[in-house]
2 protein chains.
Amino acid sequence: MSSPTPEQVWAELQGFVEAHAVRKRLRERLGTAMGTGGGKVKLLLLLESSALSHGEVAEALGVDRPYTTVLVNALEEQGLVERRTDSDDRRRKLVALTEQGRRTVSDAREVIDTPPAALDRLSPAELTSLSKILAKLHG
Amino acid sequence: MSSPTPEQVWAELQGFVEAHAVRKRLRERLGTAMGTGGGKVKLLLLLESSALSHGEVAEALGVDRPYTTVLVNALEEQGLVERRTDSDDRRRKLVALTEQGRRTVSDAREVIDTPPAALDRLSPAELTSLSKILAKLHG
DNA sequence: TATTGTTATACTCTATAACTATA
DNA sequence: TATAGTTATAGAGTATAACAATA
């Protein structure tokens, strides 16, 4: 029995991640409140580590600044983030998670970080093997 | 050295597929002509095997029929598909790839089916191992 | 004058409701 | 009257251009 081709393995890999699409699981968990585009969720996850200015948000998210304003407005109206004018440079506004926003992010984190149940069926040896292979793919 | 946790492996797996996102590669290959939503590309791939009625397209794509009309209109204007009234039931219209559409699909297929270069770096043994693990995950 | 954020506007993707033609 | 497709309209997501405030 010969080894599979890279094409076959690639197809299998695509099938697996397709089947366990995180976006779909996120939608199920967070409901429709956060829309279908990934922008709002990405922004919340981004703010998890620290508050950022609009410019920094735009840069990190790969969107432009007008749209950043739209995103921040929407999340602010939902009470998930708040704006604070930077006292050093009064043009800048820092966007930070509110307490409620922090809870929402924890919720999303849980979905994103929880591996699909299928992964639990792998033996320690298989996990090690898979991890090594992925490391080689990354490097 | 203990084996990695499912959480760690899952994070690595997500990182890999993120880095080699097919959608991004498709956009690079097909340019902006086919828009940013996946609808048009999915429809072309769907028609690869056979012509379908609007209703069948809607069903297979998971969109409604009005939007199917929009998609078909757009691809028809680009010369990639054509409509043909079904002679048995004159209400139905079959959507089929044109010759140009068929070439475009071949192009897309190539992008989708081509594994990232990283996969070529795996040995036959590693490919076998990865394939077996993925099979177990799927089953 | 350059930079930060905002407003106004527009374009793409997709859905819902009302309509036309054929069955 | 039911079904296939279409048109009209609307809403979400995102971009571009012009603007206001601060530096």
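Labels below follow one simple rule: chain letters A, B, ... track the order of the sequence lines, proteins then strands, and each chain is numbered from 1.
Applying the 4.0 Å criterion to OP1 and OP2 of C:dT12, one finds that B:K40 has every side-chain N and O outside that range.
In this structure, a donor-acceptor pair under 3.5 Å is present between the side chains of B:E12 and A:S131.
Atoms CG (B:L75) and P (C:dC13) sit 11 Å apart, rounded to a whole Å. Rounded to whole Å, atom P of C:dG5 lies 16 Å from atom CD of A:E82. A:L94 places its CG atom 12 Å from the C1' atom of C:dT4, with the value rounded to the nearest Å. Here the C1' atom of nucleotide C:dT16 and the CZ atom of B:R65 are 13 Å apart, to the nearest Å. Protein atom CG of B:L71 is 9 Å distant from nucleotide atom C1' of C:dT14, rounded to whole Å. In this structure, the NE2 atom of A:H54 is 9 Å from the C1' atom of C:dT6, given to the nearest Å. The distance from atom CD of A:E76 to atom P of C:dG5 is 14 Å, rounded to the nearest whole Å. Rounded to whole Å, atom C1' of C:dT9 lies 16 Å from atom OH of A:Y67.
Across all their heavy atoms, B:D64 and B:T68 have their closest contact at O-OG1, 2.9 Å.
At a threshold of 4.0 angstrom between heavy atoms, the contacts of A:R92 are confined to the sugar-phosphate backbone, with no base atom among them. Nucleic acid contact for A:S53: sugar-phosphate only, since backbone atoms but no base atoms lie under 4.0 Å from a heavy atom of the residue. Within 4.0 Å (heavy atoms only), A:R90 reaches sugar-phosphate atoms of the nucleic acid but no base atom. In this structure, A:D64 reaches the bases: a heavy-atom distance under 4.0 Å links it to at least one base atom across the strands shown. Counting non-hydrogen atoms under 4.0 angstrom, A:T36 reaches the backbone sugars and phosphates but no base.
Here chain B contacts DNA chain D (any atom closer than 4.0 Å to a heavy atom, that is under 4.0 Å), and the contacts span D:dA2 to D:dT7 from 5' to 3'.
Ion pairing of B:D107 with B:R29 is present here, as a side-chain N (NZ or NE/NH1/NH2) and a carboxylate O approach within less than 4.0 Å. Between B:K132 and A:E126, no side-chain nitrogen of the basic residue sits less than 4.0 Å from a carboxylate oxygen of the acidic one, so the salt-bridge criterion is not met. Checked for salt-bridge contact, B:R102 and B:E48 miss the test: no charged N lies under 4.0 Å from a carboxylate O.
Comparing A:G62 and A:D89 along DNA chain D, the residue whose closest nucleotide (by nearest heavy atom) sits nearer the 5' end is A:G62.
Judged by atom type and distance alone, A:R91 reaches the base of C:dT3 through a side-chain donor-acceptor pair under 3.5 Å.
In terms of modelled atom types and a separation under 3.5 Å, the side chain of B:E56 and the main chain of B:S53 share a donor-acceptor contact. At least one donor-acceptor pair closer than 3.5 Å links the side chain of A:T98 to the backbone N or O of A:L80.
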